[in-house]
Amino acid sequence: MKLKLKKYNSISKEELKITKKIVTSGKLSGFVANNSEFFFGGKYVKKFENYLKNFYGVRYAITLNSWTSGLIAMIGSLDIEPGDEIIVTPWTMSATIASILHWNCIPIFVDIDPDNFCIDPLKIKSKITKRTKAIMVADIFGLGTDISKIKTIINNKKIKILSDSAQTPFSKRKKKIVGTQADAGGFSLNYHKIINCGEGGVIITNNSRIAKRSMLLRNHAEVTNKYKKSKDLSNMIGFNFRMGELEAGIGNEQYKKLKKILLRREKILNLLTKKLSTFEGLKLPDISRNFGNNFYIYPIVLNDSCMKLGRKKILKTLSKNGMVGIYPGYQNIHLLKNLQKKIAFGSKGFPWSISKNKIKYGLGLCP
């Protein structure tokens with residue numbers, strides 16, 4: 001590596017300008033947990049949510065202080081009870097599973113499609129039971145799950161589809177934006193994601209019930225009497241999941257740059273594919289436009305049979321020679337010790353739906 005790589009920074013004068021404006025106003029949050037206009041946040045939160053509604057072409061966008069909070073609120077907005085089952089992939093970040101366990105529901109793991117690392121729709125049907133209330137997909141690495149196949153499989157059953165699109169703010173699948181095809185979906189806005197406002201998340205949905213209940217859960221649902229005549233109050237003990245005005249202002253400016261950011265990433269991805277395709281033993285991702293993936297991570301599968309060096313040796317050598325932003329693999333959630341040993345769930349534990357086989361994949365590059 002003769003070229004010294006610059007650290008990427010998407011924050012510039014636009015974010016500095018809006019930050020100064022908000023700070024000097026003295027109003028860093030506009031939320032109040034009571035029956036008033038302030039229940040739904042301040043000026044910049046509302047402005048950001050309105051921008052996101054238009055950007056994604058959805059009826060509702062609900063901002064939160066993190067995407068983990070978004071996952072918890074999204075699941076809590078459903079008709080769920082302790083012991084209900086939610087089908088989910090094990091190839092994701094732990095927050096996906098934690099949000100299910102938060103409501104005392106049972107995660108039922110279904111393996112991934114090795115071609116795109118997302119949940120395999122063909123393996124879902126055999127895991128559906130009378131207790132199945134939702135299927136949560138994870139659009140991992142910026143790749144989109146085939147939601148249309150899942151809809152065909154559930155065949156109008158009363159099962160919601162949720163999309164954890166944390167890493168995927170503007171990927172497309174069959175010309176539709178990832179996250180918009182589910183009953184509810186959403187994105188992470190924390191500092192190492194493509195859109196960065198420090199910490200934050202957003203739920204998008206066209207379902208009015210999911211939207212209203214998510215808004216309630218975001219802002220201490222139990223202390224407002226706005227919906228006191230409603231009988232739809234199950235699980236409505238809420239939280240402080242509110243986004244501040246600074247994060248909303250920065251997020252709004254970041255989103256204006258998103259398409260430009262993705263064009264830059266596309267150039268890098270094309271270059272990586274062009275150079276790496278000359279090496280044997282590497283399975284590279286499909287970067288064709290018909291999928292429109294943003295590749296938050298550029299996943300590479302190693303073919304052990306034609307590799308003289310192991311993965312650890314390759315990683316060590318690359319790192320020693322100046323290669324940054326490279327990761328050894330991804331977490332297998334069903335193999336975490338607190339899940340395997342049932343520490344988190346008492347003596348009975350949960351009925352895991354896949355074996356203890358570790359999913360063996362190679363490297364990940366963060367462009």
Side-chain angles (χ1 to χ4, degrees), residues 9-25 27-31 37-67 69-71 73-74 139 142 144 163-172 175-208 210-212 214-215 218-219 241-265 292 294 296:
N9 183 5
S10 64
I11 302 296
S12 55
K13 61 182 180 180
E14 293 86 1
E15 288 84 357
L16 291 171
K17 183 178 178 181
I18 196 66
T19 300
K20 183 179 179 181
K21 188 175 181 179
I22 294 169
V23 170
T24 53
S25 76
K27 294 187 72 173
L28 304 186
S29 175
F31 276 103
E37 61 179 302
F38 303 109
F39 182 81
F40 299 101
K43 172 183 173 182
Y44 290 96
V45 162
K46 290 174 182 175
K47 182 180 178 181
F48 188 28
E49 290 180 345
N50 190 56
Y51 184 92
L52 291 166
K53 281 193 295 184
N54 293 326
F55 186 88
Y56 288 111
V58 293
R59 291 176 64 195
Y60 305 97
I62 303 103
T63 57
L64 306 103
N65 60 355
S66 75
W67 178 232
S69 300
L71 289 166
M74 193 164 63
D139 299 310
S163 182
D164 178 357
S165 305
Q167 303 172 353
T168 320
F170 198 61
S171 288
K172 293 184 179 180
K175 297 183 179 180
K176 293 183 179 180
I177 300 173
V178 169
T180 63
Q181 298 173 68
D183 291 289
F187 315 99
S188 172
L189 310 175
N190 84 324
Y191 85 98
H192 56 77
K193 296 299 191 301
I194 293 171
I195 292 293
N196 161 32
C197 59
E199 292 290 348
V202 56
I203 296 170
I204 57 171
T205 183
N206 289 311
N207 185 305
S208 60
I210 289 175
K212 288 176 182 177
S214 294
M215 289 176 196
R218 171 180 70 177
N219 191 9
F241 286 165
R242 307 174 301 203
M243 177 177 276
E245 293 287 85
L246 281 169
E247 291 86 355
I250 292 170
N252 203 55
E253 294 302 323
Q254 282 272 294
Y255 255 91
K256 292 175 185 177
K257 304 176 183 179
L258 178 56
K259 292 180 182 178
K260 184 179 177 181
I261 290 170
L262 294 179
L263 282 173
R264 173 188 173 274
R265 294 175 73 83
N294 65 37
Y296 169 71

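Quick caveat, the model's predicted, so the values are computed rather than measured. No hydrogens, no waters, no symmetry mates; every other heavy atom, side chains included, goes into these values.
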**Student:** Would you find more than 12 non-hydrogen atoms of other residues, nucleotides or ligands less than 6.0 Å from Lys47 atom NZ?
**Tutor:** no
**Student:** If the condition is side-chain contact (heavy atoms from CB on, under 4.5 Å), which residues does Lys256 pass it with, not counting sequence neighbours?
**Tutor:** Tyr51, Asn252, Glu253
**Student:** Start with the C-alpha gap between Ser66 and Glu199, add the side-chain angles, then the distance that decides, and say whether side chain to side chain donor-acceptor pair (under 3.5 Å) holds.
**Tutor:** CA-CA 6 Å; Ser66 75; Glu199 292 290 348; 5.9 Å; no
**Student:** Suppose we screen for ring pair (Phe, Tyr, Trp, His ring centres under 6.0 Å). Which residues come up paired with Phe187, at least two apart in sequence or across chains?
**Tutor:** Tyr56
**Student:** To the nearest 0.5 Å, what is the distance between OH (Tyr44) and CG (Leu28)?
**Tutor:** 11.5 Å
**Student:** Test side chain to side chain contact (heavy atoms under 4.5 Å, CB included) on Arg218 and Thr63; report intermediate values, then the result.
**Tutor:** CA-CA 9 Å; Arg218 171 180 70 177; Thr63 57; 3.7 Å; yes
**Student:** Checking the side chain of Asn207 only, and the main-chain atoms of Asp183 only, is there a donor and an acceptor separated by less than 3.5 Å?
**Tutor:** no
**Student:** Tell me if a side-chain donor or acceptor on Glu245 pairs with a main-chain N or O of Val45 at a distance below 3.5 Å.
**Tutor:** yes
**Student:** Say whether, by atom type as modelled, one donor and one acceptor occur between the side chain of Gln181 and the main chain of Ser163 under 3.5 angstrom.
**Tutor:** no
**Student:** Rounded to the nearest 0.5 Å, how far apart are CD1 of Ile62 and CZ of Phe40?
**Tutor:** 10.5 Å
**Student:** If you round to the nearest 0.5 Å, how far is CG of Asn196 from CD1 of Ile261?
**Tutor:** 9.0 Å
**Student:** Taking atom CD1 of Ile11 and atom SG of Cys197, what is their separation to the nearest 0.5 Å?
**Tutor:** 8.5 Å
**Student:** Could you go step by step and tell me if Val58 and Thr205 meet the side chain to side chain contact (heavy atoms under 4.5 Å, CB included) rule?
**Tutor:** CA-CA 6 Å; Val58 293; Thr205 183; over 6 Å; no
**Student:** Side chains of Phe170 and Ile177: does their closest heavy-atom pair fall under 4.5 Å?
**Tutor:** yes
**Student:** Should Leu189 and Gln254 count as side-chain neighbours, where that means a heavy-atom distance under 4.5 Å?
**Tutor:** no
**Student:** Look at the side chain of Ser171 and the backbone N and O of Gly142, then say whether any donor-acceptor pair between them is shorter than 3.5 Å.
**Tutor:** yes
**Student:** When rounded to the nearest 0.5 angstrom, what distance separates OH in Tyr60 from OG in Ser214?
**Tutor:** 11.5 Å
**Student:** Tell me if a side-chain donor or acceptor on Arg242 pairs with a main-chain N or O of Gly41 at a distance below 3.5 Å.
**Tutor:** no
**Student:** Determine which pairs satisfy salt bridge (charged side-chain N to carboxylate O under 4.0 Å, His left out) with at least one residue from residues 12-25, sequence neighbours left out, and list them in order.
**Tutor:** Glu14-Lys257, Glu15-Lys257
**Student:** Is a side-chain donor or acceptor of Asn54 paired with a backbone partner of Asn50 at a separation under 3.5 angstrom?
**Tutor:** yes
**Student:** Check for a donor-acceptor pair, side chain of Asn206 on one end and backbone N or O of Arg59 on the other, with a separation under 3.5 Å.
**Tutor:** yes
**Student:** With rounding to the nearest 0.5 angstrom, report the CZ to OH distance, Phe48 to Tyr255.
**Tutor:** 6.0 Å
**Student:** Compare all side-chain heavy atoms of Trp67 with those of Gln167 and state whether any distance is below 4.5 angstrom.
**Tutor:** no
**Student:** Mark yes or no for whether Arg265, through its side chain, and Tyr296, through its backbone, hold a donor-acceptor pair below 3.5 Å.
**Tutor:** yes
